[in-house]
Novice: 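Take a look at the following structure, please.
So that the names make sense, note that chain A is the first sequence line, chain B the second, and so on, each numbered from 1.
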Protein chains: 2
Amino acid sequence: MSPRRSVADTLETRQRILDRSLAIASAEGLEGLTIGRLAAELGMSKAGLLGHFGTKETLQLAVVDQAAAVFQREVPGRVKQAPSGLPHLRAVCEAWVSYLEREVLPGGCFFTAATTEFDGRSGRVRDALAGMNALWRRDLRIHIRRAVSFGELPQDTDVDQLIYEIVGIMLALNHFLQLEHDSAAPRRARRALERLLGDGRGGIGA
Amino acid sequence: MSPRRSVADTLETRQRILDRSLAIASAEGLEGLTIGRLAAELGMSKAGLLGHFGTKETLQLAVVDQAAAVFQREVPGRVKQAPSGLPHLRAVCEAWVSYLEREVLPGGCFFTAATTEFDGRSGRVRDALAGMNALWRRDLRIHIRRAVSFGELPQDTDVDQLIYEIVGIMLALNHFLQLEHDSAAPRRARRALERLLGDGRGGIGA
DNA sequence: CCTACCGATCGGTAGG
DNA sequence: CCTACCGATCGGTAGG
């Protein structure tokens, strides 16, 4: 009565495809992820592979979700125990730096690469990437607001300005690590963050 | 005696190819710049087009040079009259923000897009991009050092830290403009720069 | 600068 | 999950 492939096997295959896809896409881009190459690396046929996703765009959307899951696990997932407010914000930023420093994914931050690749286009992949970025900024905003309400950051802190500057620090970290292989970059990122969030005196007033 | 195509005509055609190539590449990436599409948009044959460059890689390298020429004209070229030292550094950064704000190239900063696209690869294009980035950082370094020696920035300024943070501000500007179409981003960039370079008191000490 | 052509690869489908 | 196949496009070349 049981099918030759159980549901569990199917899900496992799907996960294998996604893991390999994410590795390829973070190193070579979401367009560089081609069906033929992916099938060859996985030792399966293109048709068998496409059976799991239907089209390349659906695969790309699934890869975006997978990347978000990895980021969620490696950054906010590592600091759940940090006290609310400024300590949590600092812990999240440190986990973010560490995530980039450890090169969890080959080619650095998947979202930086994919966002830069798709920001000039339109369609569902671009929208999904923009949505993930917006969700993450919302997380940051929550932590910043808490830190302000707890008096750990100045009352006149410009929240969006602070988010802007944190994002810039992370983009620069990815840039100097990936293009220059600059091992001093994580230190520079931490120092810049320290200046923004260090002791509550360096905050960004209005 | 004169050839059907003069040297001037040939150079003009070459420039037409480069201008169009740069527009395509900054919007769609250096790999998205395909010979067939470029030839179609220019109303010429692929063979005629390749006659000017030989291979796609040579074309890509020429596009990198062209992008550098545009950046040179639009950023340092616009502030030659600014007084040496901190005023020059601030003028260069303002021209850089303005360059991104005006969207001189469709799709934003060509170098940001191309660098992210090629940072995980090897080869001449990647090396050319890394070289251009290094040259530009050298320019910034010169201006920062002058500002320090003139006493306009603190003596203990960490020059590479300052470059890191300026680059982050510009990467974030490109990110928020291109992905979020956030019209407040230039203001945030200027504010962040003001905090770094504003009045000589916000400098980055060691 | 052109036409005509090459092998390779693209995303995807038919049929099983 | 497979084989076999599709039309389209890729970078590039031969020959003029």
Novice: Does anything in residues 16-28 of chain A come within less than 4.0 Å of DNA chain C? Heavy atoms only, and list the residues if so.
Specialist: none
Novice: Determine whether a donor-acceptor pair (N or O, by modelled atom type, separation under 3.5 Å) exists between the side chain of Asp182(A) and the backbone of Leu177(A).
Specialist: no
Novice: Do Arg190(A) and Glu101(A) pass the salt bridge (Lys or Arg N to Asp or Glu O under 4.0 Å) test, and can you show the C-alpha distance, the side-chain angles, and the key distance before you say yes or no?
Specialist: CA-CA 11 Å; Arg190(A) 291 188 172 99; Glu101(A) 184 178 26; 2.9 Å; yes
Novice: dG11(D) pairs with which nucleotide, Watson-Crick or G-U wobble, both distances below 3.5 Å?
Specialist: dC6(C)
Novice: Aromatic rings Phe71(A) and Tyr99(A): how do their planes relate, parallel, tilted or perpendicular, breaks at 30° and 60°?
Specialist: perpendicular
Novice: Please work out which of the three classes, parallel, tilted or perpendicular, describes the rings of Phe176(A) and Tyr164(B), given edges at 30° and 60°.
Specialist: parallel
Novice: Which letters describe nucleotides 9-16 of chain D, given B = protein heavy atom under 4.0 Å from base, S = only from sugar-phosphate, - = neither?
Specialist: -SBBBB--
Novice: Looking at every non-hydrogen atom in both residues, tell me the closest pair between Val97(A) and Ala189(A) and how far apart they are.
Specialist: CG2-CB, 4.2 Å
Novice: Just jot down the ring-ring contact (aromatic ring centres under 6.0 Å, His included) partners of His143(B), sequence neighbours excluded, or say none.
Specialist: His88(B)
Novice: Is a side-chain N or O of Arg146(B) found less than 3.5 angstrom from the main chain of Ser84(B), in a donor-acceptor match?
Specialist: no
Novice: Verify, without hydrogens or angle tests, whether Thr58(B) (side chain) and Gly54(B) (backbone) share a donor-acceptor contact under 3.5 angstrom.
Specialist: no
